[in-house]
Undergrad: 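One structure coming up, written as structure tokens, with questions to follow.
Given the structure is predicted, the values throughout are model-derived calculations rather than measurements. Below, chains carry the letters A, B, ... as their sequence lines are ordered, and counting in each starts from 1. Any value given below was found using the heavy atoms of this structure, including those in side chains, with hydrogens, waters and symmetry copies removed.
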Protein chains: 2
Amino acid sequence: MSTAVPAKHSDAASLVSNTIGEITRHIRAHELGPGDRLPSEAALSRQLSVSRTVVREAFSSLAAMRLIDLRVGRRATVAELDYGAMSLVIEHGVHTEQITVQQIYDVRRTIETRTAMLAALRRTADEVERIRTHALAMRENFQRPEQVMEHDLAFHLEIAKAAKNPVFSLIVGAFERVSRQTWPIGWRSRPSDAKQLEMIQIHIDLAEAIETGDPQSARDLMARHFDESVKALLAAGIA
Amino acid sequence: MSTAVPAKHSDAASLVSNTIGEITRHIRAHELGPGDRLPSEAALSRQLSVSRTVVREAFSSLAAMRLIDLRVGRRATVAELDYGAMSLVIEHGVHTEQITVQQIYDVRRTIETRTAMLAALRRTADEVERIRTHALAMRENFQRPEQVMEHDLAFHLEIAKAAKNPVFSLIVGAFERVSRQTWPIGWRSRPSDAKQLEMIQIHIDLAEAIETGDPQSARDLMARHFDESVKALLAAGIA
DNA sequence: TCTAGAAAACCTGCCATACAGGTTTGCCCT
DNA sequence: AGGGCAAACCTGTATGGCAGGTTTTCTAGA
């Protein structure tokens, strides 16, 4: 490489994006799965005739999308599915005013009425337990909004997981960062303790419907939950 | 910076991820929108007391997620919403066998029955025109699968756009890379010209339902389309 | 012969510097 | 006032270097 000619070869795009392509191709070609190790930066640098700088930026980009994991001293490894990147994309869309909160609620309603239904059909005993625990913890801690929010988020994520389709988990997770920022608004927009407890009660009922294995009821409760939430948000002026 | 002490300050995480946070914070704080320019690498480097290398890797990561656009000589700019990163995440999930094609079809069915419905309610004349054009082009070129596929993908994306919710577009787009790779399988699994034309006919009918403004019918046609597609895939052994 | 521990080899995170092109800015001349 | 050109600025890529982590290998002792 030090001796290599200026190269000129290959596709137009930048060296970094080519390198990203090469790395993903490597993963595919060798059928690597989560946890499997990739070549070292130096090795790739030699192999692809680019500087380590370029390889590093490629790795860095892949890590940003959570396709690989990087840790100092260790080789890069293939990552498990992770919604971190998607969550950042959605957050960015909201902050740059390309997406409204209401639009997110519409999508969530569409997705989560389905996950609620599927969860009622496919849940395991463990999952039911976790789902119910989160719902009850919401009521328990209802004086501490922060706690309620965490359990609320975990509740929805757990239902998605119980639906046994990782793509649903990915999407529900994608809204996490934004939800964390808009949740307090919705909470404050419920004018009384009674209204807040009412909202929490829907979660508890939903957990029960999933436990019972009643998909229709689970579906309806989830739909009602979102309808109520949107109403609350609109009342708070987040149109 | 050359004179700066080893720093030790700040959060645990890596310098790069801190820098990513700083940049997104900058975007938010200054309420930057698509097209607005960010500080130069050198400026950020000074401002945050890290080397240009770190800033570059941060920029590179943000560009990988398509939150910003990079072009040589120019300053980085805030990017428009783009499903490229999400599409890579999904593709990665499929290649590493963490997601199955059938699971994707289930999600698409959930999402796209909704977009079809909304499109029928909210479409503009222009959108109807584009949607119909793609459907008809599928029939026109049905001897050239490559062409059919392109119009098929564009058809679904255009419907999502007509639903007037960018999050739906994002999600439908997220499946594009994977679809491009699995589409031929579905196509070949239809055993005859007649079967293939039948599939295309659903698209044409769907375009019509959207034009007419019949949400229920649009919904049902989209549902049927996915049911048929899954059937075809299963027949081809992609269980 | 087997094992535990230490040394060597390897690897990533970060930095400084350098230079080849693109792009912007601003000034000067008309 | 307007147009064109040079200077200033900016990004893409490369090289070399060093501070820690991590893995592998070798050796000495049981």
Undergrad: Where the side chain of Arg56(B) is defined as all heavy atoms beyond and including C-beta, which of dT11(D), dC15(C), dT15(D) is the nearest nucleotide?
TA: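 Of the options given, the side chain of Arg56(B) lies nearest dT11(D).
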
Undergrad: Could you state the atom-to-atom distance from CZ of Arg52(A) to P of dG16(D) in whole Å?
TA: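 Roughly 13 Å, once rounded to whole Å.
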
Undergrad: Listing request: all side chain to side chain donor-acceptor pair (under 3.5 Å) pairs with a residue in residues 27-38 of chain B, at least two apart in sequence or in separate chains.
TA: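 Those involving residues 27-38 of chain B are His95(A)-Arg28(B).
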
Undergrad: Go through the structure and list residues passing side chain to side chain contact (heavy atoms under 4.5 Å, CB included) with Arg132(B), not counting sequence neighbours.
TA: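 Applying side chain to side chain contact (heavy atoms under 4.5 Å, CB included) to Arg132(B) gives Glu129(B), Leu136(B), Ala207(B), Glu211(B).
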
Undergrad: Can you sort out which residues in residues 71-79 of chain A have a heavy atom within less than 4.0 Å of DNA chain D? Ascending by number, please.
TA: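 Heavy-atom contacts with DNA chain D come from Val72(A), Gly73(A), Arg74(A).
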
Undergrad: Between residues 59-70 of chain B and DNA chain D, which residues have a heavy-atom gap below 4.0 Å?
TA: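 Close to the strand are Leu70(B).
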
Undergrad: Who passes side chain to side chain contact (heavy atoms under 4.5 Å, CB included) against Ala137(B), sequence neighbours left out?
TA: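 Result, side chain to side chain contact (heavy atoms under 4.5 Å, CB included) vs Ala137(B): Asn141(B), His151(B).
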
Undergrad: Applying side chain to side chain contact (heavy atoms under 4.5 Å, CB included), can you list everything that pairs with Asp106(B), at least two apart in sequence or on another chain?
TA: Arg114(A), Leu118(A), Asn165(A), Phe168(A), Thr110(B)

Undergrad: Going by salt bridge (charged side-chain N to carboxylate O under 4.0 Å, His left out), name the residues that satisfy it together with Lys164(B), two or more places apart in sequence or in a different chain.
TA: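 Salt bridge (charged side-chain N to carboxylate O under 4.0 Å, His left out) check on Lys164(B) returns Glu127(B).
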
Undergrad: Taking all non-hydrogen atoms of both residues into account, name the closest pair between Tyr83(A) and Gly173(A) and its distance.
TA: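 Scanning both residues completely, I find the closest heavy atoms to be CD1-O, 3.3 Å.
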
Undergrad: Report the residues that fulfil side chain to side chain contact (heavy atoms under 4.5 Å, CB included) with Arg74(B), sequence neighbours left out, ordered by chain and then residue number.
TA: Arg71(B)

Undergrad: Could you list the residues that satisfy salt bridge (charged side-chain N to carboxylate O under 4.0 Å, His left out) with Arg25(A), not counting sequence neighbours?
TA: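 Partners of Arg25(A) by the salt bridge (charged side-chain N to carboxylate O under 4.0 Å, His left out) criterion, ordered by chain and then number, come out as Glu22(A).
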
Undergrad: Using rotation axes that map the C1' atoms of four end pairs onto the next four (five pairs an end), what angle separates the end axes of the helix from dT1(C)-dA30(D) to dT30(C)-dA1(D), to 10°?
TA: 0°

Undergrad: Evaluate side chain to side chain contact (heavy atoms under 4.5 Å, CB included) for His26(A) paired with Leu32(A), printing each intermediate quantity in order.
TA: CA-CA 8 Å; His26(A) 176 96; Leu32(A) 300 185; 3.9 Å; yes

Undergrad: Quiz question: by atom type and distance under 3.5 Å, do the side chains of Glu158(A) and His134(A) form a donor-acceptor pair?
TA: no

Undergrad: Looking at DNA chain D, which of residues 28-42 of chain A put a heavy atom within less than 4.0 Å of it?
TA: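 When residues 28-42 of chain A is checked for heavy atoms under 4.0 Å from DNA chain D, there are no hits whatsoever.
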
Undergrad: Distance alone, cut at 3.5 Å: any donor-acceptor contact between the side chains of Ser60(A) and Ser60(B)?
TA: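 The answer is no; no qualifying pair exists.
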
Undergrad: Could I get the full list of salt bridge (charged side-chain N to carboxylate O under 4.0 Å, His left out) partners for Asp82(A), not counting sequence neighbours?
TA: Arg66(A)

Undergrad: Are side-chain N/O atoms of Glu140(A) and Gln147(A) paired as donor and acceptor at under 3.5 Å?
TA: no

